[in-house]
Peer 1: 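Pasting in a structure now, in structure tokens, and then I'll have a few things to ask.
Residues take their numbers from the sequence shown, with the count starting at 1. All values reported here derive from a predicted model rather than from experimental measurement. Atom set for the values below is all heavy atoms of this structure, side chains included, hydrogens, waters and symmetry mates excluded. Order of listing sets the numbers, starting from 1, for every ligand and every atom in it.
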Amino acid sequence: MPYAHRRAQLRATMAEAGVTHLLVSSPANRFYLTGFELHDSQCAESSGVLLIRHDGPDLLLTDARFRETALELLAAEQVVIYRRRTELATILHDAGVRNLWIEEDYLSVREYHALAQKLTLHAAPPLVEQLRQIKGPEEMDRLRAACALNHNVFAALPQLLTVGIHEAELAWELERRFREAGAEALSFPTIVGFGPNSAKAHAIPGTTPLCPEMPVLVDMGCRLAGYCSDQTRSLWFGRSPSSEFARALDLVQEAQARAIAILGPGVPAAEPDRVVREFFARHGVAEHFTHSLGHGVGLETHEAPRLATHEETLLAPGMVVTVEPGLYFPWGGVRWEYMVHITEDGHEVL
Ligand code: ZN
Ligand code: ZN
């Protein structure tokens with residue numbers, strides 16, 4: 001992966017934005033720029049931070065557990081080992097930093113206060129996130145592979161639906177298939193909803209058993225070579241779908257087709273969401289579509305850009321977004337989700 005090239009690109013956008021020193025603490029951003037540790041082991045325990053400087057070598061600041069990994073990725077003079085994260089302020093100050101741009105969503109209050117004692121802090125604009133929106137060829141290969149595996153596992157879903165299986169049992173079986181096919185993890189905990197649970201947008205699989213004549217919703221994805229997939233299917237278990245289910249599925253699939261049809265470079269990311277909302281409103285079901293239409297996918301399951309009402313981004317070649325309209329009712333819900341690659345002359349459904 002072209003990490004040094006990405007850091008050079010970032011430096012150019014920092015210069016335009018007037019950012020001189022950027023502290024990267026988001027794990028996905030840190031990994032994107034260096035290949036170092038895609039995940040922190042838990043929310044309050046960072047594996048390290050990256051300092052991108054406008055005028056000097058970039059520094060990776062981490063603790064001794066990660067020394068060898070860091071030295072495989074960066075030159076020795078770029079790796080700084082700290083004992084405690086609260087030493088960061090002193091280390092950065094000694095390195096000549098006075099103004100520091102921080103990622104507001106990825107710094108604890110404790111760390112913020114420690115840094116603010118010695119440095120002038122500014123909220124960083126989402127410069128790394130903007131770079132990450134446009135996928136390079138190696139990233140597209142990985143996203144395609146993750147998506148292809150998702151299709152394979154979904155192809156087995158109808159056989160796995162048997163009377164009495166619990167939601168959690170099905171979720172585990174799907175996860176096992178992902179892992180046995182080479183995925184290093186799920187991209188998010190699999191959502192399996194039977195019956196009315198299918199209306200919970202983020203249903204946690206439980207002990208609800210599958211019974212005949214029931215809607216089933218499965219939203220799942222895997223992480224393969226770092227990159228995520230994310231797809232949803234809704235189906236009916238039984239002889240014939242209820243009329244409510246059949247109508248909801250028709251509307252959702254038609255809405256999705258209309259949204260995908262307009263995807264291409266230069267289209268405002270809010271536009272497909274608007275098209276779907278208008279279509280649902282014409283059919284009297286607008287209030288049953290309770291989330292945004294889609295989101296970018298890459299190193300994270302949810303990343304920029306969003307296909308949502310207030311999003312101002314224009315779609316551009318190399319972006320990968322989900323298109324996932326859904327309708328939710330007391331009897332259950334329907335969602336259908338594809339991943340779509342924005343190409344030079346339109347789009348490609350992955
Ligand atoms: Zn999904
Ligand atoms: Zn999604």
Side-chain angles (χ1 to χ4, degrees), residues 28 129 132-133 135 139 142-157 167-168 170-175 177-178 183 185-194 197-205 215-224 226-235 248-249 252-253 255-257 259-260 263 269-270 272-273 275-277 280 288-309 311 313 315 319-328 332-342 347-350:
E129 287 81 357
R132 281 174 47 199
Q133 290 185 128
K135 273 66 182 180
E139 295 185 284
R142 293 179 184 201
L143 281 163
R144 275 179 216 289
C147 232
L149 178 50
N150 220 334
H151 284 296
N152 284 345
V153 177
F154 260 131
L157 179 61
E167 293 164 337
L170 177 59
W172 169 240
E173 179 58 27
L174 294 165
E175 176 169 358
R177 286 170 183 246
F178 276 129
L186 297 177
S187 47
F188 57 91
T190 301
I191 296 166
V192 174
F194 295 159
N197 289 345
S198 60
K200 297 176 188 161
H202 279 229
I204 296 168
V216 172
L217 184 147
V218 176
D219 186 350
M220 66 184 193
C222 66
R223 185 184 287 282
L224 190 62
Y227 282 77
C228 296
S229 60
D230 177 12
Q231 298 181 342
T232 309
R233 300 291 183 271
S234 294
L235 37 95
L249 186 59
V252 162
Q253 290 185 327
Q256 193 202 37
I260 291 175
L263 294 182
D273 181 274
V275 164
V276 164
R277 263 166 233 288
F280 283 153
H288 299 282
F289 177 36
T290 51
H291 50 75
S292 302
L293 181 63
H295 52 86
V297 191
L299 287 171
E300 292 177 298
T301 306
H302 294 165
E303 56 181 54
R306 296 174 66 221
L307 301 188
T309 308
E311 181 77 28
T313 310
L315 297 178
M319 289 180 176
V320 174
V321 291
T322 66
V323 180
E324 49 179 307
L327 291 173
Y328 309 97
V334 168
R335 181 162 70 253
W336 204 266
E337 176 177 25
Y338 286 156
M339 286 169 57
V340 183
H341 172 214
I342 308 299
H347 61 264
E348 170 199 11
V349 177
L350 296 177

Peer 1: Any N/O/S atom from Asp230 (main chain or side chain) under 2.8 Å of the Zn ion (ligand 2)?
Peer 2: yes
Peer 1: Will you find, in the side chains of Asn197 and Glu167, an N or O donor that is under 3.5 Å from an N or O acceptor?
Peer 2: yes
Peer 1: Is a donor on one side and an acceptor on the other found under 3.5 Å between the side chain of Lys135 and the backbone of Val297?
Peer 2: yes
Peer 1: Can Tyr227 and Glu139 be counted as having a side-chain donor-acceptor contact under 3.5 angstrom?
Peer 2: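 Note: Tyr227 and Glu139 side chains meet the donor-acceptor criterion.
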Peer 1: Is the Zn ion (ligand 2) less than 2.8 Å from at least one N/O/S atom of His295?
Peer 2: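 Given the 2.8 Å cut-off, His295 counts as a ligand of the Zn ion (ligand 2).
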Peer 1: Using 2.8 Å as the threshold, say whether any N, O or S atom from Glu324 sits that close to the Zn ion (ligand 1).
Peer 2: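 So Glu324 does not count as coordinating the Zn ion (ligand 1).
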Peer 1: Nearest 10° is fine: what angle sits at the Zn ion (ligand 1) between OD1 from Asp219 and OE1 from Glu337?
Peer 2: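 So the angle at the metal works out to 100°.
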Peer 1: With a 3.5 Å distance limit and no angle check, can you tell me whether Ser198 reaches the backbone of Gly333 through a side-chain donor-acceptor pair?
Peer 2: yes
